[in-house]
Amino acid sequence: MFKHVLSALAVTLFPFSSAYGGSDFDGVWDATVFFPGGRSAGVVRLETEGGVVSGTSEPLDENQFFPLSLSGDLDGDKAELVLSFRDDVVGRLSVKGAEQGFEGAGTLYGVPVSIVALASDRALRAPMGHDFNPQTYELQFESRSQAVLTLVPGDRVRTTLLDNEGQDDALDWKAMPGNTLTGPFFIENAMPGDMLVVKLHKVRLNRDTAKMYSRALNQAALQPGYEQTPAENWGRTWTFSEDRSEARIEATGSAIEGLTLPTRPMIGSIGVAPPLNTSLYAGDLWIHGGNIDYQRITEGTTLYIPVYRGGAYLSMGDGHALQGDGEISGQGLETSLDVEFEVDLIQGENLGQLWSEDSDYVMVHGIDRTLDAALQAATTGMSKWLRQTYELNDSEIAALLSSSIEYDIAVIVNSRPHIVAKLSKEVLRQISQKR
């Protein structure tokens, strides 16, 4: 049923044979350019006529700044391509047909590069299940790290996540602290502009305790000048009931000794490689996801994440047993998790920001530099989602949101606050969906 993976995999991403059955460069191609120290990817659209090939390409430079035009001459299954940005020639490539696409080499912005292009509608292997036992971990969301596993849309993965300090279910240290991430997972066919779909089928506690290191509220949650005096020798451990459905604080002699709360396991940090070839700390958050720390990112939730780098590079970590709105101490009940997730892909379409859904709500995530800006991003994103999904006009959107929108404060103690705009599916079921 599930393929057992004993260790992180070194993956050959583009296994070609040199055989090629034709000379037609017409089509839409997922192109990856390799250069010293990295790679970049974008969709290339080509047409051929009368021995000439022409077309356009999404940015292929390292930071993905400049879209390109392409032109060149055909010679059987070969072509000499000139790459231009506006009126400037920025590169030249010699390419030839290869299995399911074409490949070649040349220069781009004066840098030696090789290119591999695969048909966007190419056949992939059948989806399968994986039992993945992590051997390495990451502390950054980025596309420079070696992928631990290559997935195709429809694949399911069963794996484990460490707590934020790098400890596993046996409280053994497995990696450096800092919202330690399992991954990255390379998603075949995922290209910039696509939307990665991550379905969380299982998010379960796998040990008997959690830790909350903070002894006071984060000052960002309080008025300036409000003073706190943390208690000496304050206990940081919460113990789970036998079935792990409840968590009890260890606070002997305290007024809250014996406080017991229902657990709600959640993933604190989940996302993809950020745009602009950025490398972001696992404790940070932005439009790529990251340390979103939202209590509804739990079993049964589906996330929709914009793809910014070829392969997406999905990672996740920072397990919580429970967390209140805002994570106002900077900590939840930090613990490790067993997870099972499934990936899918929507090509050529995304909201431009993270959104999610569960059985009760559609949720759009606003992440920005201030709480005001985060709220505006969440509201704008929900408006865009209603336009895209139901083709509502602005008056319809105003009536719906003014009467029915809900907001959750997910994070306020990070450099980028996170507010979630929600619409109940009970309300949405009353809308006539046009597409």
For a quick test of your reading: what N or O donor-acceptor pairs under 3.5 Å do the side chains of residues 266-282 make, sequence neighbours left out?
residue, atom, partner, partner atom, Å
S269, OG, A282, O, 2.9
N277, OD1, R309, NH2, 3.3
N277, ND2, E62, OE2, 3.0
T278, OG1, P275, O, 2.6
S279, OG, Q140, OE1, 3.3
S279, OG, E142, OE1, 2.8

Residue pairs meeting salt bridge (charged side-chain N to carboxylate O under 4.0 Å, His left out), one or both in residues 322-336, sequence neighbours left out, come to none
Identify, with sequence neighbours excluded, every residue that meets side chain to side chain donor-acceptor pair (under 3.5 Å) alongside S214. none
Sequence-distant partners of F85, ring-ring contact (aromatic ring centres under 6.0 Å, His included), two or more places apart: F66
Contacts satisfying ring-ring contact (aromatic ring centres under 6.0 Å, His included) that involve residues 138-174 (not counting sequence neighbours) are F141-H288
With a cut-off of 3.5 Å and sequence neighbours excluded, list every side-chain donor-acceptor pair involving residues 159-166.
residue, atom, partner, partner atom, Å
T159, OG1, F132, O, 2.9
D163, OD1, E165, N, 2.9
D163, OD1, G166, N, 3.0
D163, OD1, Q167, N, 2.9
D163, OD2, R207, NH1, 3.2
D163, OD2, R207, NH2, 3.0

For R236, what residues pass the side chain to side chain donor-acceptor pair (under 3.5 Å) criterion, not counting sequence neighbours? none
Where at least one partner belongs to residues 325-368, residue pairs that pass ring-ring contact (aromatic ring centres under 6.0 Å, His included), sequence neighbours excluded: F185-F341, Y294-H365, Y304-W355, W355-W385, H365-H418
Partners of N189 by side chain to side chain donor-acceptor pair (under 3.5 Å), sequence neighbours excluded? R122
So, the side chain of N63 versus the backbone of F65: is there a donor-acceptor pair under 3.5 Å, distance only? no
Under the rule for salt bridge (Lys or Arg N to Asp or Glu O under 4.0 Å), what residues qualify as partners of D194, not counting sequence neighbours? none
Results of side chain to side chain donor-acceptor pair (under 3.5 Å) for K422 - residues two or more places apart only: D408
Any pair counted as salt bridge (charged side-chain N to carboxylate O under 4.0 Å, His left out), so long as it reaches residues 354-373, sequence neighbours left out: R296-D358, R296-D360, E357-K425
